[in-house]
Structures are given as structure tokens and as C-alpha cells.
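The model shown is predicted, which means the values in this text are computed figures rather than measured ones.
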Amino acid sequence: MKLLYGTTNKAKLQAMEQAVKPLGIELIGLNDLECELPKIDECGKTPLENAEIKARAYYEALHMPVFSCDSGLYFDELTEEEQPGIHVRRVKGKELSDDEMIQYYSSLAKQHGGRITGRYRNAIYFVLDEEQHYSSMDMSIATEPFILVAEPHSKRVQGFPLDSLSIDIGSGKYYYDLEVKDVSTSVDDGIRKFFSEILRNG
């Protein structure tokens, strides 16, 4: 079965290919298509709403089975109004730089005793045809939880500022101090379950 993954991000495409390969699913990305792509306004309030907006738009434009994904950051200690959600880098309408993000989220952790527990909630929306639409924002496709702390690690990687504040729950070490860290396995299992149930019932 060949499916279109509604993304231009090669890294995301490669990661998803590994997840669905055991199911016999062949993926192509938007960069593999030689056509004009629709411009999409991701105006949803949740990851699932944004995933649906993208998948429906690509299906209407391209008329082939397509799925899209989106994600948001959520913390156990924060109220619904305080959650970053899909706006991880945008606070009160302002787009934050890497340094501003570290400062903002460090301050957030300080307000809750120096550490808060978070995870990325992922959503997937799959349009098989006009009638068959499938979606999930189940915890089975969320990342494993991690601790975000007030005191940043000295290491910085451009574009990934929150990694400097992230600590592995099991070891209590900063992610940057771990020899090997693979956070994708549990997400892959959830993605495979999502598609296998669709294929089994289809």
C-alpha cells in the first residue's frame, strides 16, 4: 500500500517510513510530487485540528490517500490556559528566539519548584477516501514524559533550545549527558497500531 505523508520534512518522512515499514506501507512525501501544493493555514487550536486541516487540504488538492501529523507540548502542572500546546515557540503573540525560549521555560519551571513534567502529544489524521477518515491523538502516540528544569545545561544545539532544559526521568540525567537516547520507539509502536487497525478493518 502506497500512502502520501503530508510533509516536506525529510527527517520526519524517514522516521515515519521506519515506523510503518513492517506493515508493508510504502510512503512518499510532498517533495516527491511534481505539482503545485496548496497553501495551508494551520489555524487549529489543537494538534489534531491542525493535522485534519492539512490532511483534508492535501486530499482535496491531490486526490490520493494522505495523512498528516502535528504535535504540541503539554505539562502536567500547568492549567489548560497555560499550556504551550501547538505554540511552543510563540508566547503572547511573539515568536521567541532560542535564548528567549530557554529563559521563558526556565522561568516556568521555577514557578513550579524548579521542575515540571512534560510530553509531546502527537496527532495523526488519515484520509483514505471521501468516506473513510481516521484520526488519533491517543497517548500511545505521545512521546515518553520528561522533566523540564529551571537550570539549563551548558550545551546548546541551534533550533532545539528546550533540549538544554530536558532531563530523562529514568536516569535523572540531562538528555545531553546520556550516551544514547531513542525517544521514538513508543511512538512508533502507537503509529503501527493505528495503521494496522485500519488495514485490518479495511
Side-chain angles (χ1 to χ4, degrees), residues 1-40 42 44 46-59 61-74 84 86 88-89 98 101 118-128 133-146 155-164 166 168 174-176 178-200 202:
M1 184 180 193
K2 181 179 285 189
L3 295 179
L4 173 64
Y5 179 12
T7 184
T8 56
N9 186 309
K10 290 183 179 180
K12 288 183 178 181
L13 179 63
Q14 290 173 349
M16 187 64 74
E17 283 175 335
Q18 292 302 312
V20 301
K21 191 175 182 180
L23 302 177
I25 295 175
E26 179 185 350
L27 292 186
I28 58 173
L30 296 173
N31 291 332
D32 296 316
L33 304 177
E34 295 181 359
C35 63
E36 187 174 345
L37 299 174
K39 293 182 179 179
I40 298 175
E42 296 182 37
T46 67
L48 188 56
E49 287 180 7
N50 274 342
E52 178 177 357
I53 288 168
K54 290 185 285 188
R56 285 181 179 272
Y58 291 133
Y59 181 80
L62 304 168
H63 305 289
M64 62 186 299
V66 58
F67 68 92
S68 288
C69 299
D70 207 271
S71 64
L73 178 58
Y74 298 85
I86 58 175
V88 179
R89 194 176 273 272
D98 283 6
M101 281 187 70
R119 72 174 75 221
Y120 287 92
R121 296 285 308 276
N122 299 311
I124 184 169
Y125 197 95
F126 175 36
V127 182
L128 183 59
H133 292 206
Y134 305 90
S135 65
S136 176
M137 195 171 151
D138 190 78
M139 292 303 291
S140 65
I141 59 173
T143 66
E144 63 183 38
F146 63 94
K155 183 176 179 180
R156 300 282 189 277
V157 175
Q158 187 175 357
F160 298 93
L162 295 191
D163 285 357
S164 298
S166 299
D168 174 57
Y174 282 93
Y175 276 15
Y176 283 142
L178 297 175
E179 291 183 13
V180 177
K181 185 62 185 172
D182 182 6
V183 297
S184 64
T185 306
S186 60
V187 177
D188 287 355
D189 290 343
I191 291 291
R192 277 192 290 272
K193 181 181 178 183
F194 173 79
F195 280 110
S196 64
E197 288 179 353
I198 293 171
L199 294 174
R200 187 165 58 246

Of all residues at least two apart in sequence or in a different chain, which pass the ring-ring contact (aromatic ring centres under 6.0 Å, His included) check with [X]?
X	value
Y174	H153
F67	Y5, F195
Y59	none

Contacts of type side-chain contact (heavy atoms from CB on, under 4.5 Å), residue [X], not counting sequence neighbours:
X	value
K39	none
S136	I124, D138, I141, F194
P145	T117, R119, I169
I86	P47, N50, D70

Any residue meeting salt bridge (Lys or Arg N to Asp or Glu O under 4.0 Å) with [X], in chain and number order, not counting sequence neighbours:
X	answer
R121	none
D98	R89
E52	R56

Gap between atom CE of M139 and atom CG of N122 - 0.5 Å precision
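Answer for the CG-CE pair, N122 versus M139, is 10.0 Å.
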Closest non-hydrogen atom pair between P65 and L3, with its separation
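Heavy atoms only, the tightest pair is CB-CD2, 3.7 Å.
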Counting C-beta onward and ignoring hydrogens, is there a side-chain heavy-atom pair between Y58 and V127 closer than 4.5 Å?
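No, every pair of side-chain atoms sits at 4.5 Å or beyond.
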Which residue pairs satisfy the side-chain hydrogen bond (donor to acceptor under 3.5 Å, both in side chains) criterion with at least one member in residues 22-37, sequence neighbours excluded?
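The answer is none; no pair qualifies.
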